[in-house]
Amino acid sequence: MSLDYGRPFPMGSHYDGYGVNFTLFSENATKVILCLFDKAGKEIRYPLPGKTGAIWHGYLPGAGPGLHYGYRVEGEWNPEQGLFYQPQQLLLDPYAKQVTGIVDNTLPYTSPVFNALEHDDSAITPKAVITDDSGCFCHSYKEKGTYQRLNTPWSETIIYEGHVKGLTKLHPEIPEKIAGTYAALGHPAFIAHLQKLGITALELLPVQYHLTEPHLHKIGLKNY
């Protein structure tokens with residue numbers, strides 16, 4: 001198989017029901033390679049054929065949800081100029097909607113597995129996963145048209161900042177099945193709690209994938 005030209009937007013990977021469009025921003029790359037992985041970890045590589053400005057893109061017909069992927073990017077190795085292109089290093093899609101695998105960051109960075117100039121690190125690098133987001137909230141609310149911005153004046157705005165999980169995991173009135181999830185943030189009990197406090201806006205602490213700090217590893221915990 002080969003990739004079609006595709007389109008530069010939306011960013012990340014997007015399943016349209018017939019295939020997947022892939023995009024990746026890289027201003028100084030000379031080549032961007034899409035890497036697909038099967039359940040056994042076997043890798044198949046496809047150069048992205050399209051380039052619009054600094055956005056590389058390609059479309060894979062027949063691809064769909066559940067597919068694992070990453071990128072290898074070719075370019076100049078010149079740390080003094082801020083250029084660190086290493087095709088031996090598998091890169092995670094910064095726009096990935098789902099991630100599988102973890103990085104063992106308890107290993108010392110002098111370990112050979114981190115020397116990407118000489119070693120392929122795909123075995124220890126997390127992979128992005130294609131998702132079917134056709135039924136996500138962002139689509140449904142636009143179709144229903146029942147949600148509107150509050151447009152609270154800044155002088156009356158009180159922002160509550162917190163973690164998706166930490167905000168509701170132990171709330172006694174939220175069903176255990178959804179406690180600690182996005183769904184719990186919309187539960188009447190949690191909304192009533194915010195209203196009682198006078199909160200007008202909820203700001204979530206980072207929700208993207210990130211590594212667990214070494215000190216948490218040592219005590220058997222991980223970031224949520």
Side-chain angles (χ1 to χ4, degrees), residues 1-26 29 31-52 55-74 86-105 113 116 120-143 163-165 176-186 204 206-212 222-224:
M1 296 178 65
S2 61
L3 297 185
D4 293 339
Y5 192 77
R7 58 189 187 279
F9 296 101
M11 293 301 294
S13 61
H14 178 71
Y15 172 65
D16 62 5
Y18 303 95
V20 177
N21 192 75
F22 296 90
T23 67
L24 186 72
F25 173 89
S26 184
K31 188 176 185 180
V32 174
I33 303 170
L34 171 68
C35 305
L36 307 180
F37 295 85
D38 64 16
K39 293 181 180 180
K42 182 180 178 181
E43 179 180 352
I44 302 177
R45 303 180 182 183
Y46 297 98
L48 293 185
K51 188 172 185 287
T52 303
I55 300 177
W56 301 72
H57 48 87
Y59 181 85
L60 183 59
L67 184 66
H68 294 188
Y69 72 97
Y71 291 102
R72 298 184 188 277
V73 183
E74 297 183 6
Q86 306 178 90
Q88 295 88 342
Q89 183 178 11
L90 184 72
L91 303 178
L92 182 64
D93 183 355
Y95 286 90
K97 303 181 184 73
Q98 182 178 338
V99 175
T100 182
I102 61 173
V103 171
D104 184 2
N105 57 347
V113 297
D120 183 340
D121 67 352
S122 60
I124 64 169
T125 301
K127 314 296 189 298
V129 183
I130 300 297
T131 62
D132 183 359
D133 54 352
S134 59
C136 74
F137 180 76
C138 59
H139 287 261
S140 61
Y141 87 83
K142 290 179 181 178
E143 294 171 0
H163 287 285
V164 173
K165 183 176 180 181
E176 183 178 355
K177 183 178 180 180
I178 65 170
T181 70
Y182 288 103
L185 299 179
L204 299 179
V207 298
Q208 73 274 17
Y209 179 89
H210 55 280
L211 302 183
T212 295
K222 61 181 181 180
N223 282 325
Y224 62 72

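Shown here for H68 and G66, the closest heavy-atom pair between the two residues is CD2-O, 3.1 Å. Taking every heavy atom of both residues into account, R45 and C35 meet most closely at CG-SG, 4.1 Å. Shown here for V164 and L185, the closest heavy-atom pair between the two residues is O-CD2, 4.3 Å. Nearest approach of P87 to E74, heavy atoms of both residues: CB-CG, 3.9 Å. When all heavy atoms of Q88 and R72 are compared, the closest pair comes out as O-NH1, 3.0 Å.
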Inset, instruction - Mind running side chain to side chain contact (heavy atoms under 4.5 Å, CB included) on Y69 and V20 for me, showing each step along the way? - result: CA-CA 11 Å; Y69 72 97; V20 177; over 6 Å; no
Inset, instruction - Quick one: do I33 and Y71 satisfy side chain to side chain contact (heavy atoms under 4.5 Å, CB included)? Show the steps, please. - result: CA-CA 6 Å; I33 303 170; Y71 291 102; over 6 Å; no
Legend entry - Test log, rule side chain to side chain contact (heavy atoms under 4.5 Å, CB included), inputs F37 and S122: CA-CA 10 Å; F37 295 85; S122 60; 4.2 Å; yes
Inset, instruction - Any chance you could lay out the side chain to side chain contact (heavy atoms under 4.5 Å, CB included) test for F22 and D93, step after step, and finish with the verdict? - result: CA-CA 10 Å; F22 296 90; D93 183 355; 5.9 Å; no
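Side-chain contact between L24 and L91 is absent, with no heavy-atom pair separated by less than 4.5 Å. Residues Y15 and L67 are not in side-chain contact: their nearest non-hydrogen atoms beyond the backbone lie 4.5 Å or more apart. Proximity of Y18 to Y59: side-chain heavy atoms (C-beta onward) are separated by under 4.5 Å at one or more points. A heavy-atom distance below 4.5 Å is not found between the side chains of W56 and T23. Taking 4.5 Å as the limit, some side-chain heavy atom of L90 sits within range of a side-chain heavy atom of K127.
Counting non-hydrogen atoms of neighbouring residues, nucleotides and ligands closer than 6.0 angstrom, the OH atom of Y95 reaches no more than 12 such neighbours.
Looking only at distances, no side-chain donor or acceptor of K97 sits under 3.5 Å from a matching main-chain atom of H14.
Between H57 and the choices D4, T52, N21, the side-chain hydrogen bond (donor to acceptor under 3.5 Å, both in side chains) rule is met once, by T52.
One finds the OG atom of S2 at 9.0 Å from the CG atom of L60 (value rounded to the nearest 0.5 Å). A distance of 6.5 Å separates CG in L3 from CG in L48, rounded to the nearest 0.5 Å. Expressed to the nearest 0.5 Å, how far CG of D16 lies from CZ of R7 amounts to 6.0 Å.
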